[in-house]
Student: 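This is the structure I have questions about; it appears just below.
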Amino acid sequence: MNKILKMLAYGIGGLMLLIGSFVTYSALTGTPMHEMKAVGGMFPEEVEADVAPLDVDGAPLPEPEVERESDRRSPRQVYETASTPLGAFALSDPFSAEELRTLERRLQTKLDALALRSRELDERERQIEADRRHIDDLYADFISLKTSLIEQEAENDAASAEVARDARIVDEKRAATYREMAKLFEDTKAVDAARLLTSVYGPEEAALILTQLDDDRVRELIASIHEQLGDEGVNYVRALQKLKGGR
């Protein structure tokens, strides 16, 4: 058993010595291992991947010539960056100092315009709020005035109804008076009745009395009035026709 182990150890040692000699020869002569005779097949050729360098975002880095042309730094900035210990790791400034000042002025102008716009909007909101309160006050005054007018109209309607009722009572009393007066002219002779009627009453009041009599009696009295007064009797006829027409 020990003999077999010794032979195996001797074989492995010889193989390592042989491989080591080839590696040493390759290192001293600069011959790649895959090109050496006898053992070249044991070492495959290394294939170098042609991969372009990438930046931190995974995008391909530009060519040095393109990067130099796009570098907008002044010679002084390049010198200051290269003179510092960490200059090799500093990122290039995409804007110059003058451009930064211009951007700052533009930004400040925009901020001032926004602040002015905000103040104008605040003032407009306050004005709108004041107008809304004024409209609310006007609406409240309108409701109060409307309520007052409704109440006044109700009072006027009540007063009108009362006046109409009083006028109706007066008319009824007057009609009753004329009915009583008309009785004086019902049985009296037409000539005497016409003379009494025209001597006491004018055409309008006489017409009110005549309307309380029947049509036959009215025709008799009108005829007598016309005989006694002639053309003046026409006024009594017109007053009677007007009164009847109004009814």
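Just so it is clear, the values below take in all heavy atoms, side chains as well, and ignore hydrogens, waters and symmetry mates.
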Student: Would you indicate whether the side-chain heavy atoms of Glu151 and Thr147 approach each other to under 4.5 Å?
Tutor: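 The answer is yes, as the side chains (C-beta and beyond) meet within the 4.5 Å cut-off.
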
Student: For Arg217 and Glu220, run salt bridge (charged side-chain N to carboxylate O under 4.0 Å, His left out): C-alpha distance rounded to whole Å, both residues' side-chain angles, the deciding distance at 0.1 Å, then the answer.
Tutor: CA-CA 5 Å; Arg217 183 60 175 175; Glu220 290 178 357; 3.1 Å; yes

Student: Could you grab the distance from atom CD of Glu162 to atom CG of Asp157, nearest 0.5 Å is fine?
Tutor: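 The CG atom of Asp157 is 13.0 Å from CD of Glu162, to the nearest 0.5 Å.
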
Student: Nearest 0.5 Å, what's the CD1-CD1 distance between Ile128 and Ile135?
Tutor: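 Here the interatomic distance stands at 10.5 Å.
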
Student: Report the distance from atom CG of Leu149 to atom CD of Glu155, rounding to the nearest 0.5 Å.
Tutor: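 Going from CG on Leu149 over to CD on Glu155, the span is 11.0 Å.
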
Student: Take Arg219 and Asp216 through the test salt bridge (charged side-chain N to carboxylate O under 4.0 Å, His left out) and record every step on the way to the result.
Tutor: CA-CA 5 Å; Arg219 282 194 291 271; Asp216 293 337; 2.2 Å; yes

Student: Taking everything shown except Asp131 itself, do over 12 heavy atoms lie less than 6.0 Å from its CG?
Tutor: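 Count over threshold, so yes.
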
Student: Atom CG of Leu213 and atom OG1 of Thr211: how far apart are they, to the nearest 0.5 Å?
Tutor: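 Output value for this atom pair is 8.0 Å.
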
Student: Under a single-linkage definition using a 4.5 Å side-chain heavy-atom cutoff for Ile, Leu, Val, Met, Phe, Trp and Tyr, are Ile225 and Leu196 assigned to the same hydrophobic cluster?
Tutor: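 Hydrophobic grouping puts Ile225 with Leu196.
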
Student: Around Arg106, counting heavy atoms of other residues, nucleotides and ligands shown, do more than 12 lie under 6.0 Å from its CZ?
Tutor: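 At most 12 heavy atoms, drawn from other residues, nucleotides or ligands, come within 6.0 Å of this atom.
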
Student: Tell me if a side-chain donor or acceptor on Thr102 pairs with a main-chain N or O of Glu98 at a distance below 3.5 Å.
Tutor: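 Yes; at least one donor-acceptor contact below 3.5 Å.
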
Student: So that I can tick it off, tell me whether Arg126 and Glu129 are bridged by a salt bridge, with the cut-off set at under 4.0 angstrom between side-chain N and carboxylate O.
Tutor: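 Looking at Arg126 together with Glu129, the answer is no, because their closest N to O distance does not fall below 4.0 Å.
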
Student: Is a side-chain N or O of Thr198 found less than 3.5 angstrom from the main chain of Ala194, in a donor-acceptor match?
Tutor: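 Yes.
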
Student: Among Arg132, Arg133, His134, whose side chain to side chain donor-acceptor pair (under 3.5 Å) with Asp136 holds?
Tutor: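 Considering Arg132, Arg133, His134, a side chain to side chain donor-acceptor pair (under 3.5 Å) with Asp136 is found only for Arg132.
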
Student: Ser118 and side-chain contact (heavy atoms from CB on, under 4.5 Å): which partner among Asp122, Leu116, Leu121, Leu114?
Tutor: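 For Ser118, the side-chain contact (heavy atoms from CB on, under 4.5 Å) test succeeds with only one of Asp122, Leu116, Leu121, Leu114, which is Asp122.
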
Student: I'd like to know if Val237 and Leu197 are part of one continuous hydrophobic network [Ile/Leu/Val/Met/Phe/Trp/Tyr, side-chain heavy atoms within less than 4.5 Å].
Tutor: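 The answer is yes; both residues are in one hydrophobic cluster.
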
Student: Pick from Leu210, Ile209, Leu221, Leu208: which one makes a side-chain contact (heavy atoms from CB on, under 4.5 Å) with Leu240?
Tutor: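 Exactly one option meets the side-chain contact (heavy atoms from CB on, under 4.5 Å) with Leu240, and it is Leu210.
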
Student: Please give me the minimum heavy-atom distance between Tyr201 and Tyr236, naming the atom from each residue.
Tutor: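 Smallest interatomic distance, heavy atoms only, reads O-OH, 3.0 Å.
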
Student: Do Val200 and Val191 belong together in a cluster built from hydrophobic side chains that touch within less than 4.5 Å?
Tutor: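 No, because Val200 and Val191 fall into different hydrophobic clusters, even though each may have its own neighbours under 4.5 Å.
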
Student: Going through the distances and angles, do Leu138 and Phe142 end up as a side chain to side chain contact (heavy atoms under 4.5 Å, CB included)?
Tutor: CA-CA 6 Å; Leu138 290 178; Phe142 170 75; over 6 Å; no

Student: Do any N or O atoms from the side chain of Ser148 and from the backbone of Ser144 form a donor-acceptor pair under 3.5 angstrom?
Tutor: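 No: the side chain of Ser148 does not pair with the backbone of Ser144.
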
